[in-house]
Amino acid sequence: MKKILSAVLALSLVFSLAVSAQAHLLGDVDKDGSVNSSDALKVLSYAVGLTKTIDEGRADVNIDGTINSADALIILQIAVGSYQGELEIDDDLITTFKKDNIDPILKSGKYTLSTTIISNGTGVPSTIMVSGNNMSVDMTVDMKLIKTSCRLLVLDGKCYLVIPGLKVYGESNVTPPSSISGTEKAEYVKSEYFENNGKTYIIETYKASDGSIMQYYFLDGVWKTTVKVAADGTSTTQRIDKFEAGVNEANFSLKDYKKVNLDNYLK
């Protein structure tokens, strides 16, 4: 259960990453506007340690967290025209949608996200509210005796587990995030098309400072899904159901709640 709660908190922060649509050539490591054997050679040189620095975002073309000969091979395929994927995407649709629909909500500092977070095959429907540096996450969890609605509340840097139906709360041993309304900038990696069930998605891929990979799926300009791949290879999926400005301020108050020890009751 602690892993689920931690995963919910981790993906609650995807909005903190700077998602900006850009047009890039896949594999253009030296940024000269073309993809050729010179780019592949630079990747190979870096992979064997002969070159110490490289644009890792452009070099790790298969997004597996490692820069090696597999990336160089893909770049060579692009160079000779045998690569079947999209090389560059007209992302005006994403830019417009983000500018008009996502950015204003984020900049308000108070927003509500209805989502389902899937980790280790388990889906957790959640309602996430962010108010400045505080966060409220409502979900249903299995406790030792009952299955009940609960609230994971990050308030003034501390994490609490709240049972609204019983009007009780307890301090949680889940580590709260260091920043909720943070301004971390994610490094752009690439854009690509993805076909699924006859629908064409655009995937924007970014790399965060902790080494994790964030992939944002858009369908017809609408943000549908986020997938986070941690540095250790574990992945968590977040389905976006609804995103809107405003919060229920009552969710951020512990007034009239009784403090008890709840962690002992979690499975």
Side-chain angles (χ1 to χ4, degrees), residues 3 6-7 10-11 13-14 16-91 94 117-121 177-178 182 184-196 200-218 223-238:
K3 290 182 179 179
S6 297
L11 269 179
L13 303 180
V14 296
S16 299
L17 303 176
V19 184
S20 57
Q22 303 175 54
H24 289 265
L25 282 175
L26 181 65
D28 182 17
V29 177
D30 56 16
K31 302 180 182 179
D32 66 353
S34 64
V35 181
N36 50 43
S37 58
S38 176
D39 295 295
L41 183 60
K42 287 180 173 63
V43 170
L44 281 175
S45 179
Y46 180 83
V48 299
L50 296 179
T51 299
K52 300 302 180 183
T53 59
I54 199 170
D55 187 325
E56 295 184 358
R58 291 172 179 251
D60 183 18
V61 292
N62 61 3
I63 319 300
D64 65 355
T66 303
I67 298 172
N68 52 34
S69 58
D71 298 295
L73 179 59
I74 294 174
I75 292 174
L76 284 175
Q77 290 173 342
I78 295 172
V80 300
S82 63
Y83 181 71
Q84 299 300 313
E86 294 291 335
L87 303 180
E88 187 173 329
I89 295 176
D90 179 2
D91 47 22
I94 293 179
I117 295 175
I118 305 169
S119 179
N120 296 323
S178 58
E184 179 184 0
K185 301 297 182 181
E187 177 187 0
Y188 174 88
V189 177
K190 69 175 182 177
S191 300
E192 59 188 322
Y193 288 110
F194 173 70
E195 300 285 342
N196 185 40
T200 301
Y201 293 80
I202 292 177
I203 306 176
E204 291 275 304
T205 301
Y206 295 78
K207 180 179 288 186
S209 60
D210 63 0
S212 61
I213 296 295
M214 305 293 292
Q215 294 183 311
Y216 299 83
Y217 288 68
F218 294 85
W223 185 20
K224 291 294 187 179
T225 305
T226 295
V227 177
K228 178 178 182 179
V229 182
D232 63 3
T234 58
S235 65
T236 308
T237 299
Q238 181 179 35

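Nothing here was measured: the structure is a model prediction, and the numbers come from that model. Hydrogens, waters and symmetry mates are skipped; everything else that's a heavy atom, side chains included, is used.
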Taking every non-hydrogen atom, the tightest pair across [X] and [Y]:
X	Y	answer
Ala72	Val43	N-CG1, 3.9 Å
Ala59	Ile67	CB-CD1, 3.8 Å
Ser212	Ala230	CB-CA, 4.0 Å
Asn68	Ala47	CA-CB, 3.8 Å
Ala79	Ser37	CB-N, 4.2 Å
Thr51	Tyr46	O-CD1, 3.3 Å

What residues, two or more places apart in sequence or in another chain, satisfy salt bridge (charged side-chain N to carboxylate O under 4.0 Å, His left out) together with Asp32?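 Per chain and number, Asp32 pairs via salt bridge (charged side-chain N to carboxylate O under 4.0 Å, His left out) with no residue.
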
For the atom pair [atom1] ([X]) and [atom2] ([Y]), what is the distance rounded to the nearest 0.5 Å?
X	Y	atom1	atom2	value
Ile213	Ser235	CD1	OG	12.5 Å
Thr236	Met214	OG1	CE	9.5 Å
Phe218	Thr225	CZ	OG1	10.5 Å
Tyr83	Ile75	OH	CD1	11.0 Å
Tyr217	Gln238	OH	CD	13.5 Å
Asp39	Asp71	CG	CG	12.5 Å

Test of understanding: with side chain to side chain donor-acceptor pair (under 3.5 Å), list the residues that count as partners of Asn196, not counting sequence neighbours.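 Per chain and number, Asn196 pairs via side chain to side chain donor-acceptor pair (under 3.5 Å) with no residue.
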
Just to verify, which of Val29, Ile74, Ile78 counts as forming a side chain to side chain contact (heavy atoms under 4.5 Å, CB included) with Val61?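 Among Val29, Ile74, Ile78, the one meeting side chain to side chain contact (heavy atoms under 4.5 Å, CB included) with Val61 is Ile74.
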
Side-chain heavy atoms of Asp30 within contact of Asp28, under 4.5 Å: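 The answer is yes, as the side chains (C-beta and beyond) meet within the 4.5 Å cut-off.
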
